[in-house]
Protein chains: 2
Amino acid sequence: MKKSTKKERFLTVVLKLIHKKGFKATTMRDIAHDLNFEVANVYNYIDSKQSLLEEYLFDIQDEFHSAIDPILDSSHTAKEKLSLIISSYIRITAQRPYEQALLVNEWRNLKEPKLQEFVERRKAYENKLQGVVTAGVEQGEFRSLNVEIATQTILASLRWLYQRYLETEVKLNPVEIDRQLTTLIFEGISKN
Amino acid sequence: MKKSTKKERFLTVVLKLIHKKGFKATTMRDIAHDLNFEVANVYNYIDSKQSLLEEYLFDIQDEFHSAIDPILDSSHTAKEKLSLIISSYIRITAQRPYEQALLVNEWRNLKEPKLQEFVERRKAYENKLQGVVTAGVEQGEFRSLNVEIATQTILASLRWLYQRYLETEVKLNPVEIDRQLTTLIFEGISKN
DNA sequence: TATTTACATGAACAAATGTTCATCTTTTTT
DNA sequence: AAAAAAGATGAACATTTGTTCATGTAAATA
């Protein structure tokens, strides 16, 4: 029940380890080794390997929901809403790239019933975004495209971004990233 | 050296199994069970679990390279080349969605030195696409965007598509999919 | 200071996993 | 029909893996 700084260090170190090796390939002994203590001690920090993954994933997933909800509730146009959603997505990715990487790559390792819960919540997020796309199409702000394809494409355009924050040494300018992705999603690559 | 139909059946069944459970989670016993024979017999079809993954991944990866190379060598404009690359990508995805799923999700399970080889070849593909984007920007056909971001975004817009072929019962019209994705990538979602 | 809580260890275990081997049967090739 | 190749089996193996337990020490709280 204590807000221990040791636990925070634990979670940070292990997060990077899991990202590097993959969840399945990361053993409890790997974790202990990286933290310079013995295997058994890992269980003073977490209940099980599975619960560790659950902690990470549901926490970051919640953050995405917390970011999109107030945008949906606002009185902005669909176009403005989409723009704000993109910005919030990029901001979270910039702040927590490792967790975002887990969200994209390791959710399959959840087990039932947590897996189903996760998939449902992700679907809920997609539906929220799809609602904005649908509204935009109906109001003539967006092209009359297949909204499911459009929604998935927008999401895909955002989901790869964490890689740039992890694999590059260069400090990225979030405002510039935002501008680039917003342009691509709204206007496409063609000049005219 | 024989073109055995049994080997083909083996590869098809196992491909779907690996996609469903994930490579790491799929055990040799799982494989044997799905094929209605005993574990030891699996080794009459393959050398090892690792080599199985390698077979799938390098085979489908080769197909993507075979598709993009003649397009690059043609005398089309950058815009036309990009359009053709998108179409070829969608065609391969439609024909081999399970392998495409492996390509996206399971390549991390390769081990050195195959892992490095795979990553280099994938990087080569990305560079080929990026060359087209760069040419398009230089010739004023495309917006003057960050070409790396644009390239990754285009790829991301295509990489999610296999899901629609696997998770949907509905027969998809590849021509229509093509039109939707091409529009999104070239023109974006905005109407004006 | 006394006591509870947090952090740490070594040993052990049961289950799971990839792989090998000797052997047998079926199918294909000569 | 004989020989060779392909397909199949059961038993066994050495490792690896997640987890538990009893016990000890350091730190925080009362």
Side-chain angles (χ1 to χ4, degrees), chain A residues 1-58 102 105-115, chain B residues 1-58 102 105-115:
Chain A
M1 294 292 169
K2 270 209 57 201
K3 176 125 286 180
S4 165
T5 179
K6 282 225 168 178
K7 173 84 186 259
E8 283 169 23
R9 173 183 135 80
F10 176 93
L11 287 176
T12 307
V13 171
V14 176
L15 175 62
K16 291 181 183 175
L17 184 61
I18 291 178
H19 168 258
K20 187 175 159 196
K21 303 198 68 170
F23 178 72
K24 271 251 161 65
T26 303
T27 70
M28 300 306 263
R29 283 158 187 84
D30 290 334
I31 292 175
H33 176 265
D34 263 40
L35 287 157
N36 283 309
F37 54 53
E38 300 303 313
V39 205
N41 195 25
V42 175
Y43 288 87
N44 286 319
Y45 291 85
I46 55 169
D47 290 337
S48 66
K49 202 189 169 190
Q50 279 302 314
S51 72
L52 178 62
L53 183 63
E54 292 161 9
E55 257 190 72
Y56 287 126
L57 293 185
F58 284 98
L102 284 212
N105 297 312
E106 306 292 352
W107 64 270
R108 286 159 209 269
N109 295 304
L110 287 171
K111 291 182 180 169
E112 299 296 359
K114 292 288 180 178
L115 177 59
Chain B
M1 292 294 170
K2 270 209 55 199
K3 177 123 285 179
S4 166
T5 179
K6 281 226 167 177
K7 174 83 186 261
E8 283 169 23
R9 173 183 133 81
F10 175 93
L11 287 175
T12 308
V13 170
V14 176
L15 176 62
K16 291 181 183 174
L17 184 60
I18 291 178
H19 169 257
K20 186 176 160 197
K21 302 197 68 170
F23 178 73
K24 272 253 160 60
T26 303
T27 71
M28 299 306 261
R29 282 158 186 84
D30 290 333
I31 292 174
H33 177 264
D34 263 39
L35 287 157
N36 281 309
F37 54 52
E38 299 302 314
V39 204
N41 195 24
V42 175
Y43 287 87
N44 287 319
Y45 290 85
I46 56 168
D47 290 337
S48 67
K49 200 188 171 190
Q50 279 301 313
S51 73
L52 178 63
L53 183 62
E54 292 161 11
E55 257 190 73
Y56 287 124
L57 292 185
F58 285 97
L102 284 211
N105 297 313
E106 306 292 351
W107 63 270
R108 284 160 210 270
N109 295 303
L110 287 172
K111 290 181 181 170
E112 300 295 1
K114 292 288 181 180
L115 176 59

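Predicted model, so just to flag it, every value in this text is computed and none were measured. Note: hydrogens, waters and symmetry copies are ignored here, and every other heavy atom, side chains too, is used. In what follows, every chain begins at residue 1, and chains take the letters A, B, ... in the order their sequences are listed.
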What about B:Tyr56 and B:Phe23, are their ring centers closer than 6.0 Å?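 B:Tyr56 vs B:Phe23: aromatic centres not under 6.0 Å.
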Nearest whole Å is fine: how far is [N] [atom2] from [X] [atom1]?
X        : N      : atom1 : atom2 : answer
A:His33  : D:dT17 : NE2   : C1'   : 17 Å
A:Arg9   : C:dC7  : CZ    : C1'   : 13 Å
B:Tyr45  : D:dT9  : OH    : C1'   : 13 Å
A:Ile46  : C:dC7  : CD1   : P     : 14 Å
B:Glu38  : D:dA12 : CD    : P     : 15 Å
A:Phe37  : C:dA6  : CZ    : C1'   : 12 Å
A:Asn109 : D:dG18 : CG    : C1'   : 15 Å
A:Gln50  : D:dG18 : CD    : C1'   : 11 Å

Nucleotides 15-18 of chain C: which of its N/O atoms have a protein N/O under 3.5 Å away?
unit_1 : atom_1 : unit_2  : atom_2 : d
C:dG18 : OP1    : B:Lys49 : NZ     : 2.8
C:dG18 : OP2    : B:Met28 : N      : 2.9
C:dG18 : N7     : B:Arg29 : NH1    : 3.0
C:dG18 : O6     : B:Arg29 : NH2    : 2.9

Using only heavy-atom distances, decide whether a donor-acceptor pair under 3.5 angstrom links the side-chain of A:Asn44 to the base of C:dA8.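 Indeed, a donor on one side and an acceptor on the other fall under 3.5 Å apart.
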Give, for atom CD1 of A:Ile18 and atom CG of A:Asp30, the distance between the pair rounded to the nearest 0.5 Å.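 A:Ile18 atom CD1 to A:Asp30 atom CG measures 10.5 Å (nearest 0.5 Å).
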Check salt bridge (charged side-chain N to carboxylate O under 4.0 Å, His left out) between B:Glu38 and all other residues, then give those that pass, not counting sequence neighbours. none
Could you tell me if the side chain of [Y] sits less than 4.5 Å from the side chain of [X], heavy atoms only?
X        : Y        : result
A:Lys49  : A:Leu53  : no
B:Phe10  : B:Leu52  : yes
B:Trp107 : B:Leu115 : yes

Choosing from C:dG10, D:dT9, C:dC7, which nucleotide comes nearest the side chain of A:Lys6?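 My answer, after comparing the listed nucleotides, is C:dC7.
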